[in-house]
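Everything on this sheet refers to the single structure shown next.
Here the structure is a predicted model, which is why all the values come from computation and not from measurement. Any value given below was found using the heavy atoms of this structure, including those in side chains, with hydrogens, waters and symmetry copies removed.
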Amino acid sequence: MSPALLSLILSPESNTSSPSGPRRPDSTQNIMVPRRPTAVPVPLSGWIVLAVLLLFVTPAAATEEPVPLFVQQRLEQLHFGEERKIGGETIYAAGLLLDLYRKNQFQPLWIDHRNITQLLTAIAGSAEEGLIPDDYHLQAISRYANELETAPTRAKQLEYDLLLSDALMLLAQHKRHGKVNPREVEERLNLDSSAPRPSLIDTFLSALRSTTVRKALDELEPAHPAYASLKKALSRYRKIAGSGGWQPVPVGRSLKPGMRDDRVRAMRARLAITGELTNHNTPDPDLFDGAVEAAVRAFQTRHHLEADGIAGRTTVAAMNIPVSGRISQIRVNLERARWVMHDMPDSSIVIDIAGFNLQYYHQNRLVWKTRVMVGEPFNQTPVFRSAITYLVLNPTWTIPPDILKNETVPRILTEKGYLAKQKLRVLTSSGEEVNPATVPWGQYLSKRLPYTLRQDAGPDNSLGLIKFIFPNPYHVYLHDTPSKSLFDKAQRAFSHGCIRVQNPLDLGKMLLGDDPGNPTTAARFDQVLARGKTSTIFLKEPLPIFLMYLTANAENGQVRFMPDLYQRDQGILDALNGPPSLLEHTTQMPEFKSQSSISPEQGEKTS
């Protein structure tokens with residue numbers, strides 16, 4: 001690789017981390033990413049190519065081990081040995097490299113300089129996705145290229161070849177599945193697609209032979225519009241950081257429309273930088289006028305705060321999060337997107353837990369969305385994927401054991417007539433109704449209640465008039481609620497973990513209408529509902545559902561930031577800024593491929 005190209009890619013403007021100091025991808029001086037090098041290939045010096053080729057054909061080389069044997073032995077040493085390093089660099093994909101080179105008869109792979117140019121350009125471009133280019137051996141590749149200019153040896157050239165291949169496989173893995181293992185930073189048991197992960201070995205052998213390495217890497221990033229929008233948001237906020245970011249608004253009393261305060265001037269400057277305030281010409285910059293009020297409301301809406309137009313403590317605190325913090329937030333959510341957004345089907349429901357909303361996609365179009373309520377911080381809604389298999393109209397509700405013990409029994413003891421007000425019946429295991437007055441409730445504060453408490457169907461039922469069932473190990477589902485007023489709140493974490501939907505009957509009719517061959521029309525749906533009896537309607541085709549936790553999202557050219565409701569961002573950010581993990585590699589034999597299974601629903605939960 002030409003030192004000229006390497007110096008371009010490794011210039012201070014193009015790197016997100018210092019080769020000597022600690023990696024600070026979000027610090028102001030390091031977050032600026034240069035324009036990509038042009039697509040015109042920069043040729044290697046002719047004598048380097050000639051020297052490399054001569055290394056493999058000269059009489060001196062003939063006295064050494066054949067190249068394939070040398071490569072094979074080095075790879076086996078890396079894969080099976082305890083020391084996985086080349087030139088001080090950790091080799092992360094030793095198992096994959098063994099397969100990759102084996103399929104190439106253990107011959108070198110990076111003979112064509114155009115492939116090297118494309119790889120290094122892609123590595124530099126990984127910063128645009130919130131990744132860290134130095135993770136992919138960028139400094140070591142530069143060092144090896146310089147050493148091969150001055151003192152080329154066969155061993156050094158082959159190690160250079162292996163470093164390039166390891167960088168390729170590591171970057172591919174991070175673009176396709178994310179750098180961070182989600183199970184190590186968030187509690188999740190069912191996020192992965194049930195389909196086996198395809199091997200990238202053949203993909204990259206073909207790309208290397210056809211000099212399409214960059215194209216193959218670009219095709220691995222999520223094609224979902226939300227991912228592209230987050231990348232644009234990251235670029236925009238890095239440009240803001242490059243211009244100096246914003247100054248904090250001084251803390252003090254709440255600022256309200258009509259007030260005159262020198263802090264309003266600071267708030268004007270802050271809101272102008274992120275685009276909420278577009279009218280900069282005012283004879284009285286200290287006045288909280290209508291333009292400032294509209295800008296504050298827009299800011300509050302974009303940051304999931306109560307849009308009251310008053311700059312109180314919470315709003316000012318959100319304004320004062322530095323640009324580096326917002327950049328980190330976007331990077332964290334780009335990583336979350338890489339975990340799941342590759343396998344999105346044409347039609348699905350997406351629950352944005354931190355954003356408190358539901359989106360229904362049909363045939364690759366967002367056709368409907370509504371508000372939802374999710375679990376409180378101590379009853380967190382989990383992140384997973386499943387598929388809606390059936391709907392229940394006029395559902396009953398059986399109180400789960402944890403809610404029964406921790407909430408219901410204490411309220412029965414302290415609130416006279418609680419069971420009657422809640423329309424709860426006490427049932428034996430065989431379904432026989434028990435007189436509540438005969439139950440010694442005080443005994444069951446510390447031990448298991450041998451009865452079931454069930455709420456009959458009806459508009460006052462805690463599940464409302466409909467619930468949507470999708471198999472999962474958490475006993476979580478979507479449902480209606482009689483507590484409609486809570487949907488007016490900006491922060492809607494009120495449940496025990498299930499998801500309350502604002503307009504669930506509309507959703508049910510749409511899902512059935514879009515379900516091919518389903519005989520339940522909208523009219524039939526209304527008839528069944530009006531009867532008041534508990535009825536189950538199965539979908540002909542299960543509809544995929546994704547429960548996701550996103551604290552930054554972007555749509556219609558606007559980035560939206562959500563409070564980190566469950567305090568999950570920092571763990572992902574720490575792992576994202578840390579060193580990569582070794583890539584797991586297992587050969588999957590066709591006869592041992594297993595079907596993933598999802599445990600059936602075991603009980604009910606509500607809020």
Side-chain angles (χ1 to χ4, degrees), residues 1-10 14 34-57 67-68 71 75 86 91-93 96-129 131 133 135-138 140-142 144-146 148-149 152 154 156-176 198-221 223 583:
M1 168 53 59
S2 165
L5 178 60
L6 281 165
S7 65
L8 172 62
I9 294 177
L10 295 174
S14 69
R35 292 165 303 199
R36 284 180 176 168
T38 60
V40 179
V42 180
L44 284 173
S45 301
W47 72 270
I48 295 181
V49 176
L50 179 61
V52 169
L53 294 174
L54 288 174
L55 287 174
F56 302 134
V57 300
V67 168
V71 173
L75 285 169
I86 287 179
I91 299 301
Y92 297 100
L96 288 167
L97 296 188
L98 189 59
D99 278 359
L100 179 68
Y101 281 85
R102 176 179 57 80
K103 286 200 170 187
N104 198 49
Q105 290 76 50
F106 293 108
Q107 295 288 348
L109 291 167
W110 298 88
I111 301 301
D112 193 320
H113 67 84
R114 290 174 295 179
N115 284 327
I116 302 175
T117 301
Q118 290 178 29
L119 173 62
L120 292 177
T121 306
I123 290 174
S126 68
E128 299 170 10
E129 299 179 67
L131 297 168
D135 282 343
Y136 312 106
H137 307 309
L138 210 46
I141 289 170
S142 174
Y144 267 83
N146 288 330
L148 285 169
E149 287 271 9
R154 186 178 72 163
K156 196 166 292 182
Q157 176 62 33
L158 292 175
E159 288 185 344
Y160 180 55
D161 204 272
L162 295 177
L163 274 175
L164 290 167
S165 297
D166 193 62
L168 173 69
M169 301 309 293
L170 186 64
L171 179 57
Q173 168 72 19
H174 290 177
K175 287 170 75 74
R176 183 64 179 81
S199 171
L200 296 175
I201 301 296
D202 293 335
T203 298
F204 283 117
L205 278 176
S206 175
L208 284 161
R209 290 164 183 163
S210 59
T211 61
T212 55
V213 167
R214 180 63 191 272
K215 179 175 181 290
L217 284 168
D218 286 346
E219 289 174 350
L220 291 176
E221 69 181 65
L583 300 188

>> Run the side chain to side chain contact (heavy atoms under 4.5 Å, CB included) test on Asp166 and Leu96 for me, step by step, so that the C-alpha distance in whole Å, both residues' side-chain angles and the decisive distance to 0.1 Å come before the verdict.
In response: CA-CA 9 Å; Asp166 193 62; Leu96 288 167; over 6 Å; no
>> Please evaluate residues Asp99 and Arg102 with respect to the criterion salt bridge (charged side-chain N to carboxylate O under 4.0 Å, His left out), reporting the C-alpha separation (whole Å), side-chain torsions for both, the decisive distance (0.1 Å), and the verdict.
In response: CA-CA 5 Å; Asp99 278 359; Arg102 176 179 57 80; 3.5 Å; yes
>> Is there a side chain to side chain contact (heavy atoms under 4.5 Å, CB included) between Phe106 and Leu75? Walk through the geometry before answering.
In response: CA-CA 9 Å; Phe106 293 108; Leu75 285 169; 4.1 Å; yes
>> Would Asp135 and Ile123 count as a side chain to side chain contact (heavy atoms under 4.5 Å, CB included) here? Give the steps.
In response: CA-CA 9 Å; Asp135 282 343; Ile123 290 174; over 6 Å; no
>> Please evaluate residues Leu119 and Leu217 with respect to the criterion side chain to side chain contact (heavy atoms under 4.5 Å, CB included), reporting the C-alpha separation (whole Å), side-chain torsions for both, the decisive distance (0.1 Å), and the verdict.
In response: CA-CA 8 Å; Leu119 173 62; Leu217 284 168; 4.1 Å; yes
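The two residues Pro133 and Ala124 come nearest to each other via the heavy atoms CG-O, 4.0 Å.
Between the Ser165 side chain and the Asp161 main chain, a donor and an acceptor come within less than 3.5 Å of each other. Under the 3.5 Å distance criterion, the side-chain polar atoms of Ser206 are left unmatched by any main-chain donor or acceptor of Asp202. Using a distance-only test at 3.5 Å, with no hydrogens or angles considered, a donor-acceptor pair links the side chain of Gln118 to the main chain of Val213.
Summarising the geometry, atom CG belonging to Leu170 is positioned 5.5 Å from atom CG belonging to Leu583; distances are rounded to the nearest 0.5 Å. Once rounded to the nearest 0.5 Å, the distance linking CG of Leu200 with NZ of Lys175 reads 12.0 Å. Distance check: Arg154 CZ to Leu158 CG gives 6.5 Å after rounding to the nearest 0.5 Å.
Side-chain contact check for Tyr144 and His137: no donor-acceptor pair (N or O, by modelled atom type) lies under 3.5 Å.
Under the side chain to side chain contact (heavy atoms under 4.5 Å, CB included) test applied with Leu208, the options Asn104, Asp112, Leu109 reduce to a single match, Leu109.
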